[in-house]
Amino acid sequence: MEDYPAKQGTENLDDPPNSRLFVVASRSVTEDELRDSFSVFGDIQGVWVVKDKQTKESKGICYVKFSKSSQACLAMEEMHGKVLVDGTKPIKVFIAQSRSSTRHRDVEDEELTRIFVMIPKTFSEEDLKDTFKEYGDIEYCVIIKNKFTGESKGLGYVRYYKPSQAAVAIENCDKTYRAILAEPRTKAATTEEYSSGGTARGGEYMNAGDNMNQYAFPMADPGNYPVMDYRSGDFTRCLMMSTRAALTQEQIFALFDLIPGMEYCELQRDAYGMSKGHALIRYSNLGSAVYAKDKLNGFEYPPGNRLAVNFVDDGEDRSSPVGRMAMQFVATQMMSAVWNGPSTSQVMKPPGYPPVSQMSRVQTDVNLPPLKKLAPPDSKSKERLFVVFSPSPLPMDVLEDVFCRYGSLIEVHLVPGRKVGYMKYADKQCADDALAALHGRVVNGVKMKVMLADPPREESHKRPRTY
DNA sequence: CGACGGGACGC
DNA sequence: CGACGGGACGC
């Protein structure tokens, strides 16, 4: 790529997988024009227009590398079929063929909307859907079962409508689900499975000709849903924020208002007006929502309280081309300002947070020290605690609240479907302190056994991941 | 007692 | 239809 550090020229093209776009455009399109129109969708690592060796003229083939697959997918969905320069042909946008791999599968027909996950055997298809719907609209969920006994094998598929949703799920879901892109089903089986209309994939889509991106979602005829119909161009501008500590409406507003374009922010309350620990935020444009999610998901506010921010469907129609152009303009300005500007911590520093009420969400016989800041998620684990709950596991947020107070907590891990969990610490002494203080104690009526965890098994003979 | 991992769809 | 370049930190 033209602006790549030389070192990464060829090695990082497919890291992470499906983060690079293959763009067919007019020969007149320049790298700068591509960068301008694609930078709205994420962090561009490189843009390259393929040119003839001798004449130096563009061949109309371009590559755009993003730092994340979800950004590349989103850009593909939004930009495919767009006219970049008046009077030129609409561009075509696909996820680029992996360069390292020798096999030459046709990526245009590649399934990018179905993920493969590992789940507790107790999960129903409804549980699966409930777990993964926060990342996007789900077409269907399937659990692999023993065909005679009907018992779950602990494996499942989740089909989204759009590649960006599948990518967001893979990037953001709990690691214990081991979410990866599902391998396409075998050719023979694909024909009449999920479409009563029985249209071959790809053909119908390509016949759309110069109206590639114009045909709307076929709401009236859900039975005839070609798999490639995700390219109709919309993505949620709405975010759901979850917080463990009780935050006020004003605090949340101030935080999300740091990203330009916020037009709605409301703390969710129950029937008694108490905070439910969630807030809905909507931005005026896609770019702002993507950016806010990227920057605020995992952000600690106040320190020690890690926020979770995810997309939610707002069910709106976002197909107005005028609105999208305005969005791209604003988002481009905003992003270049922030990305080239001061560091994240400065940008995100809120104007001083008032005391966060401890809101009796944790009842315990322990005299808890105050909340402490979490260690960064990528910290090296120096000690793990193994915790057994009786009679049933405590929620993640409560555990984080309790176990972070001895310092250096990296993350809480609950084993799905079991009554045990792991607490990962960046400092051994902190872990020991937590163990000493919390072993045998009762939190919200749940008794905890707290022990040093056995070291995790060496992972060695694992087959390489398929994506 | 109470343990993380693992992996594929009736063609 | 429409698939992969150029150039090189500083020990």
Side-chain angles (χ1 to χ4, degrees), chain A residues 1-10 13-14 20-27 31 46-53 56 58-63 65 89 91-100 104 106-108 111 114-121 140-148 153-157 159 174-194 206 209 381 384-390 393 413-424 448-467:
Chain A
M1 304 266 178
E2 103 281 350
D3 54 355
Y4 250 37
K7 192 87 191 275
Q8 321 174 6
T10 48
L13 291 183
D14 303 303
R20 195 171 57 120
L21 294 179
F22 169 57
V23 180
V24 184
S26 155
R27 297 176 193 275
E31 280 165 0
V47 179
W48 169 37
V49 170
V50 179
K51 304 191 183 77
D52 183 280
K53 278 253 177 28
K56 302 288 190 191
S58 162
K59 293 158 95 171
I61 300 297
C62 322
Y63 294 92
K65 173 71 174 73
K89 282 197 304 186
I91 61 172
K92 299 179 199 172
V93 185
F94 309 98
I95 295 294
Q97 192 58 261
S98 158
R99 205 144 180 228
S100 49
H104 260 242
D106 190 350
V107 185
E108 290 171 42
E111 291 196 46
R114 197 177 60 142
I115 65 172
F116 180 50
V117 295
M118 315 190 73
I119 48 179
K121 291 222 180 16
Y140 66 83
C141 290
V142 171
I143 286 175
I144 303 175
K145 304 182 184 114
N146 180 303
K147 55 191 131 185
F148 303 114
K153 293 187 177 172
L155 299 170
Y157 295 99
R159 168 83 73 181
D174 192 285
K175 294 180 297 300
T176 59
Y177 295 117
R178 308 268 127 177
I180 59 174
L181 263 190
E183 286 292 314
R185 302 145 59 93
T186 55
K187 283 279 158 57
T190 36
T191 21
E192 295 285 323
E193 286 300 323
Y194 293 100
M206 279 328 219
S381 170
R384 289 188 316 155
L385 299 181
F386 176 58
V387 186
V388 184
F389 306 98
S390 177
H413 167 59
L414 284 175
V415 180
R418 317 238 77 131
K419 301 173 188 176
V420 303
Y422 294 89
M423 310 295 147
K424 201 200 280 186
M448 302 185 298
K449 282 190 193 176
V450 184
M451 292 151 278
L452 290 183
D454 294 337
R457 198 177 60 158
E458 301 301 327
E459 50 180 290
S460 49
H461 44 70
K462 225 174 28 182
R463 87 178 167 104
R465 287 161 76 98
T466 36
Y467 75 88

Under the side-chain hydrogen bond (donor to acceptor under 3.5 Å, both in side chains) rule, collect the residues that match up with Lys175(A), sequence neighbours excluded.
-> Glu411(A)
Euclidean distance, atom CD1 of residue Ile180(A) to atom P of dG6(B) [Å, nearest integer] = 11 Å
Arg185(A) side chain near dA8(B) phosphate (N/O to OP1/OP2, under 4.0 Å) = no
Please report, rounded to the nearest Å, how far the C1' atom of dG5(C) is from the NZ atom of Lys59(A).
-> 10 Å
Residues in side chain to side chain contact (heavy atoms under 4.5 Å, CB included) contact with Lys449(A), at least two apart in sequence or another chain | Val388(A), His439(A), Met451(A)
Between Lys53(A) and Gly60(A), whichever has its closest DNA chain C nucleotide further toward 5' is Gly60(A)
Across all chains, not counting sequence neighbours, the side chain to side chain contact (heavy atoms under 4.5 Å, CB included) partners of Ser390(A) are none
Note, DNA chain B 5' to 3' with Watson-Crick or G-U pairs under 3.5 Å encoded as ( ), [ ], | and . gives ...........
Please list, chain by chain and in numerical order, all residues satisfying side chain to side chain contact (heavy atoms under 4.5 Å, CB included) with Asp52(A), sequence neighbours excluded.
-> Gln54(A), Thr55(A)
Parallel, tilted or perpendicular: which describes the rings of Tyr422(A) and His413(A), with under 30° parallel and over 60° perpendicular?
-> parallel
Taking atom P of dG6(B) as reference, at what distance in whole Å does atom CE of Met118(A) sit?
-> 7 Å
At under 4.0 Å between heavy atoms, what does Lys449(A) touch on the DNA or RNA strands: base, sugar-phosphate, or nothing?
-> base
Could you state the atom-to-atom distance from OH of Tyr157(A) to C1' of dC9(B) in whole Å?
-> 4 Å
Tell whether Arg99(A) reaches the base of dC4(C) with its side chain through a donor-acceptor pair below 3.5 angstrom.
-> yes
Could I get the full list of side chain to side chain contact (heavy atoms under 4.5 Å, CB included) partners for Lys145(A), not counting sequence neighbours?
-> Glu125(A), Ile143(A)
